[in-house]
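As the structure is a computational prediction, the values presented were derived from the model and not from experiment.
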Amino acid sequence: MSEPEYRSGFACFVGRPNAGKSTLTNALVGEKIAITSSRPQTTRHAIRGIVNRPDAQLILIDTPGLHKPRTLLGSRLNDVVRETWAEVDVIGFCVPADAPVGRGDEFIVNELRSVANRTPVIGIVTKTDKAGPEQITARLTQLAGLMPFAEVVPCSAVSGFQVDLLTDLLVARLPEGPQLYPDGELTDEPEETLVAELIREAALEGVRDELPHSIAVVIEEMVPQEGRHPKQDPILNIHANIFVERSSQKGIVIGKGGERLRQVGTDSRRQIEALLGTRVFLDLHVKIAKDWQRDPRQLRKLGF
């Protein structure tokens, strides 16, 4: 009997902002590696999550939501999406079950048609836990009408419905090939990037609608705390700056008497400690980088 073939390769989820791409990435990987927020447009980096199976290694690239850009940052994020599409083996196009297919989806599908002849595209109806059977059926019909997909599948990252089936469908479209990353690795993003993303996620939570794009986080340093006794648990000191565009936004992030910023610190520290497996001392400062989304020099400085 011949050995079953091993497959390895890259997949990405695309869709308009807030279509559930990051939550789906986390569900497939089984760990939190992409930030999720109720705010659209929160993903800025194409974070890779790694699904390790006995028969395959699936590397997931989580892209920002493709949208009609209004700023230089928006254009850069769209470029990230298109560059990613050109390099993957299979694409998952996501539409949420609880919202009708709209012009934003059609905009993306028009772009996808240019790659569909060489890269299989799987249509995915996400968030089925938020919709009834009739809504899900309607969404599947709408999705199938947009373009010819290699497969169409409904699933829920939250309830786990058909997540394994989706993984199987993605893996089936990967080329045969060796393992690309060592066992046990879940992402190849540097720890600083993941930590910055967790802080930004916490800073976005509960903030009014005007701030989703205006927050950037830069890790100044991550160093072990010195002078601790060998028998004491190690502590990692993390110093980070949260950048906003205007002084009014700075006030919103800090909150009355610094209350919001303390909450951001508490929430993100819990996530960071879970991610890194060590105790953390987190020092956060809020700074203003005026209109950074439109300034090429500042975009470079903030990592875009």
Side-chain angles (χ1 to χ4, degrees), residues 11-29 32-47 49 60-71 73-82 84-85 91-112 121-132 135-136 138-140 142-143 146 152-163 166 197-217 267 271 293 304:
C12 73
F13 294 133
V14 300
R16 60 190 151 105
N18 232 12
K21 303 179 294 291
S22 296
T23 313
L24 201 52
T25 298
N26 292 334
L28 265 69
V29 175
K32 180 164 186 163
I33 58 131
I35 78 161
T36 54
S37 162
S38 52
R39 299 268 164 265
Q41 221 31 58
T42 49
T43 306
R44 296 224 183 113
H45 297 276
I47 288 186
L60 291 166
I61 304 183
D62 183 40
T63 59
L66 195 71
H67 61 295
K68 285 205 164 66
R70 288 193 294 273
T71 62
L73 173 66
S75 300
R76 295 258 171 103
L77 294 180
N78 278 354
D79 289 343
V80 169
V81 179
R82 292 189 186 100
T84 303
W85 291 3
I91 295 169
F93 172 61
C94 300
V95 297
D98 61 342
V101 168
R103 286 171 63 180
D105 299 302
E106 288 165 10
F107 171 72
I108 296 167
V109 164
N110 283 334
E111 298 258 342
L112 274 176
V121 181
I122 293 175
I124 305 165
V125 172
T126 60
K127 306 187 183 183
T128 56
D129 55 290
K130 290 187 169 183
Q135 250 184 317
I136 296 166
R139 210 62 68 239
L140 286 164
Q142 285 180 319
L143 180 62
L146 286 174
V152 173
V153 61
C155 68
S156 165
V158 172
S159 72
F161 171 65
Q162 301 212 124
V163 168
L166 175 60
E197 289 286 276
L198 289 171
I199 294 168
R200 196 164 67 89
E201 175 181 38
L204 281 168
E205 225 24 75
V207 167
R208 288 189 217 55
D209 293 333
E210 70 266 30
L211 251 70
H213 313 305
S214 304
I215 293 175
V217 176
D267 293 348
Q271 299 266 16
Q293 293 186 70
F304 299 106

(request) Please report the shortest heavy-atom distance between Asn18 and Lys127, naming the atom on each side. (result) O-NZ, 2.9 Å
(request) Could you list the residues that satisfy side chain to side chain contact (heavy atoms under 4.5 Å, CB included) with Val109, not counting sequence neighbours? (result) Phe93, Arg113, Leu146, Met147
(request) Starting at CG of Leu166, measure out to CD1 of Ile124 and round the result to the nearest 0.5 Å. (result) 4.5 Å
(request) Give, for atom CG of Asn26 and atom CG of Leu60, the distance between the pair rounded to the nearest 0.5 Å. (result) 10.0 Å
(request) State, to 0.1 Å, how close Ser159 and Ser156 come at their nearest heavy-atom pair, and which atoms those are. (result) N-OG, 3.0 Å
(request) Could you tell me which non-hydrogen atom of Ala97 sits nearest to which non-hydrogen atom of Val125, and how far apart they are? (result) CB-CG1, 3.6 Å
(request) State, yes or no, whether a side-chain contact exists between Asp267 and Glu205 at a heavy-atom distance under 4.5 Å. (result) no
(message) Ignoring hydrogens, what is the shortest heavy-atom contact between Leu24 and Cys94? Give both atom names and the distance.
(response) CD2-SG, 4.1 Å
(request) Could you note down all residue pairs passing side-chain hydrogen bond (donor to acceptor under 3.5 Å, both in side chains) where residues 94-107 supplies at least one of them, sequence neighbours left out? (result) Arg16-Asp105
(request) Give, for atom CD of Gln135 and atom OG1 of Thr128, the distance between the pair rounded to the nearest 0.5 Å. (result) 11.0 Å
(message) As an exercise, state the distance from CD1 of Ile136 to SG of Cys155, rounded to the nearest 0.5 Å.
(response) 10.5 Å
(request) Check whether any side-chain N or O of Thr126 sits under 3.5 Å from a backbone N or O of Ala19 as a donor-acceptor pair, and report yes or no. (result) yes
(request) State, yes or no, whether a side-chain contact exists between Phe13 and Thr25 at a heavy-atom distance under 4.5 Å. (result) yes
(message) Gln142: which residues meet the side-chain hydrogen bond (donor to acceptor under 3.5 Å, both in side chains) condition with it, sequence neighbours left out?
(response) Arg139
(message) Measuring from atom CZ of Arg200 to atom CG of Leu198, what distance do you get when rounded to the nearest 0.5 angstrom?
(response) 10.5 Å
